[in-house]
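Just so it is clear, the structure is predicted and the values come from calculations on it, not from any experiment. Reckoned from all heavy atoms, side chains included, excluding hydrogens, waters and symmetry mates. A, B, ... follow the sequence lines: proteins, then strands. Residue 1 opens every chain.
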Amino acid sequence: MDSSGIAYLGPRDFPTEDHLLDYLLDQHFDTISCDVETVTIKDRRLIGLGIGLNQQEAVYFRIMPEPSLYPNMTWRLLDQAQTIAGHNFIFDATVLLEYLNEFYNQHPIGVGGWHPTDSSIPGRYTIPPLLQSIALKLADTSLMGQMQGLPSLELANMTSRYVGMEIQRISDILPQRHTMLDLPWGVVANKCLYDCLATNRLYWKMEGPKWSGSQSFIWTHQENWDSGFDPSEPLTHWVSEGILDCYQVGIKLVPLLLKMTARGLGLYPNKVEHWYQEVSKKLLVYSDICTKEGFNPSSPQQVGYTLASRGNFLPFTKSKKQLKTDEETLEELSDPLASVILEHRGLSKLKGTYLAPYNPHIELTKPYWAHHRGVRAYTHYRMDLSTARLSSYDRSLMNIPDYIREIFAPDTGVWAWADYDQIEMRIMAQVSQDPTMMAAYERGEDIHWLTQQRLWPNSDRADESTRLRSKTFGFAMLYRAQAHTLSKHTKLPISTCSEYRTIWLATYPGVDEWQLETIADGWNQGWTETMYGRRCRLPSLDIAKPDHIEKCAVNYPIQGTGFDILARALLLCDSLSIDIALPVHDEILADGIVEFPRQLEDLGRLRTPFTQHRGLYWK
DNA sequence: CACCATGGCGCG
DNA sequence: AAAGCGCGCCATGGTG
């Protein structure tokens, strides 16, 4: 059925296309799976969409180069289903969001009366009703795997292990330096069809329907001796109530993440322009100096060579391929050229990373710079693989320097934001049940002052540098830093740090004990748990060193719990119609004169106080 | 030209 | 020899 752009995989024979369409129209497909194909992973233009009707049958609808003759059938199938299973559907949903936005922009009267610019408050966007309804009946096999801490989340690996089915990977069908558009559409369709079947089968294998309930359960799989059999993985998987709860939170997050992607952040165009001009002007001074010296300050290689030939001592980098020229090293040098280079670095980072993408007068160098430049800043969200924390990509908005945040403009005229106060230390107190730390937080005492008194008994509370060192100690010890690292951060001798490290661990013996136990758990299980009972997979020995794995073992429960709390906070805010513009790990930025609810402090087992701010500018 | 590794640095 | 975790993104420099 080449010309019509529709493909079927399954046991049935349809003499003509009309028979297939009749079949699709007549039958009810209750639990379907869905997968999109894009040009490449990076170029997320939609080229086709597959639907797994059940565990044996799937259909594919082409979008590019020519759309199929039956686009409405695609939406109909999605609409009539009760459950839609995806595999890492945040990605697919993002693709669909962009596709639908584009589609509606070209068709002034959108399907269902919806249009992206159709909103009473400027900048207050909603996601297309189609995506909204998909989100309400979404299941996600990748998220299931992540919450359980399964060893691999890749669709091909999971299907091979758990349902004994081998499917193609993109690299199997796509030669290097090619895109899906270079392949005959039938090849793409075929891959998509099998992916859909795989997702559907995985959903059932993992007891899909039980994931929307609250009763714990087990699912099992058989050894796949032909491939994918991992003797270290148990054949029985217990899904606890905690895992279920976290999974459901993850699913509910999907439409919210889409909404944030669709809304973006407003910009003050004149501020962007002004900053850009100022920074460019200053930059010129420094690059002139470097040009006269005959090197490019943006090249670490040239910087290293130039500084070394001027008689400076520079250590090698970790790989020993170049000389080390990072900030820490250059600060130690007395050569004035070193400060010139540092100034240049700071300014060019600012210009290239944080200003150029938002300045409409600058030539596009990255495709994702294109969206409404100078008017709004857009980004996309995903969950990180180890701890599930959110990350923002395609112009990340989660790493904007403090001092430049004034370029972002609230649509309502005022930003409101809430910061959790020392959330990771509080989580540490809770998971470790360390009596000293818990008592300090319960009484509302200052934990850094407590540390300071133990490490520097005669110090003054008002002494900022000692206080900063106490903070640094607490922060670094969250991850069981070695004396060497502590020394680097506090600029104290290693021997002193080693001594203080011992005192710190003795002050908080519960933390010491918990960290040792957690490391042991990590080795035994291959994962460690957040406060909510969610598992975080640890890196395996073939890709990470033992030491690193142990650091991860104590780090993930804390970072992961931080995400668990933030995710619930976001959902609570959203349910109260707070217009969330951007989450940043322990902070929520909202648009409008918002009063953040105090319930946000009681989402974990220990109170997590927050402070809130408002203003014309963020920060 | 597309793609990758490297060094460096922004955020939490 | 290596000595705190997670992430994204920039420019350079090298490859096929």
*Who passes side chain to side chain contact (heavy atoms under 4.5 Å, CB included) against A:L571, sequence neighbours left out?*
A:V249, A:K252, A:L253, A:L256
*Mind checking what makes side chain to side chain contact (heavy atoms under 4.5 Å, CB included) contact with A:C290, not counting sequence neighbours?*
A:F295, A:P297, A:V340
*Among residues 326-347 of chain A, which residues get a heavy atom nearer than 4.0 Å to DNA chain B?*
A:D326, A:E327, A:R345
*asked:* Regarding A:K318, tell me which of base, sugar-phosphate or nothing describes its non-hydrogen contacts under 4.0 Å with the strands shown.
replied: sugar-phosphate
*Select base, sugar-phosphate, or nothing to describe what A:L323 touches, counting heavy atoms under 4.0 Å on all strands.*
sugar-phosphate
_Partners passing salt bridge (charged side-chain N to carboxylate O under 4.0 Å, His left out) against A:K281 (at least two apart in sequence or in another chain)_ = A:E278
*Could you encode protein contacts along nucleotides 10-16 of chain C as a string, one character per nucleotide from 5' to 3', using B for base contact, S for sugar-phosphate-only contact and - for no contact, with a heavy-atom cut-off of under 4.0 Å?*
SSSS---
_Under 4.0 Å from OP1 or OP2 of B:dC11: is there any side-chain N or O of A:R405 that close?_
no
*Results of side chain to side chain contact (heavy atoms under 4.5 Å, CB included) for A:K324 - residues two or more places apart only*: A:P315, A:T317, A:D326, A:T329
*Is it true that the side chains of A:S391 and A:D384 contain a donor and an acceptor less than 3.5 Å apart?*
no
*Do we count A:H484 as stacking onto C:dA3 if the rule is ring centres under 5.5 Å and planes under 30°?*
yes
*Assess whether atom CZ of A:R454 is packed by more than 12 heavy atoms of other residues, nucleotides or ligands within 6.0 Å.*
no
*Can we say A:E550 and A:K545 salt-bridge, meaning some charged N sits less than 4.0 Å from an Asp/Glu carboxylate O?*
no
*Round to the nearest Å and state the distance from A:Y403 atom OH to B:dC9 atom P.*
12 Å
*asked:* Under 3.5 Å for both pairing distances: what stems, at least three Watson-Crick or G-U pairs long, include DNA chain C?
replied: B:1-12 with C:5-16
*Are A:T490 and A:T472 linked by a side-chain donor-acceptor pair shorter than 3.5 Å?*
no
*Give a yes or no on whether a salt bridge exists between A:D288 and A:K292, defined as a side-chain N under 4.0 angstrom from a carboxylate O.*
no
*asked:* Looking at A:R263 and A:D591, is any side-chain nitrogen of the basic one under 4.0 Å from a carboxylate oxygen of the acidic one?
replied: yes
*Contact list for DNA chain B against residues 464-480 of chain A - heavy-atom distance below 4.0 Å*: none
_Under a 3.5 Å cutoff, is there a donor and acceptor pairing between the side chains of A:D542 and A:S540?_
yes
*With heavy atoms under 4.0 Å as the rule, sort A:T325 into base, sugar-phosphate or nothing.*
sugar-phosphate
*For C:dC9, does OP1 or OP2 lie under 4.0 Å from any side-chain N or O of A:S396?*
no
*Which whole-number value in Å describes the distance from A:R389 CZ to C:dG6 P?*
10 Å
*Does any pair with a residue in residues 492-547 of chain A pass ring-ring contact (aromatic ring centres under 6.0 Å, His included), and if so which ones, sequence neighbours excluded?*
A:W456-A:Y500, A:W504-A:Y508
*Could you give the NZ-to-C1' distance, from A:K321 to B:dC4, as a whole number of Å?*
12 Å
_What residues from residues 532-560 of chain A pass a heavy-atom cutoff of under 4.0 Å to DNA chain B?_
A:Q559
*Rounded to the Å, how far apart are A:M398 CE and C:dC9 P?*
11 Å
*asked:* Under 4.0 Å, heavy atoms only, any strand: does A:S386 hit a base, just the sugar-phosphate, or nothing?
replied: sugar-phosphate
*asked:* I'd like to check the side chain to side chain contact (heavy atoms under 4.5 Å, CB included) partners of A:K271; sequence neighbours left out, ordered by chain and number.
replied: A:Y268, A:E406, A:I407, A:Y617
*asked:* Rounded to whole Å, how long is the line connecting atom NZ of A:K42 with atom P of B:dA2?
replied: 11 Å
*Determine which pairs satisfy ring-ring contact (aromatic ring centres under 6.0 Å, His included) with at least one residue from residues 374-396 of chain A, sequence neighbours left out, and list them in order.*
A:H372-A:Y378, A:H380-A:Y393
*In whole angstrom, give the distance that lies between atom CG of A:L364 and atom C1' of C:dC9.*
17 Å
*Could you tell me whether the side chain of A:Q452 and the main chain of A:S470 form a donor-acceptor pair under 3.5 Å?*
no
*Going by distance alone, is a donor N or O of one side chain under 3.5 Å from an acceptor N or O of the other, for A:R480 and A:Q515?*
yes
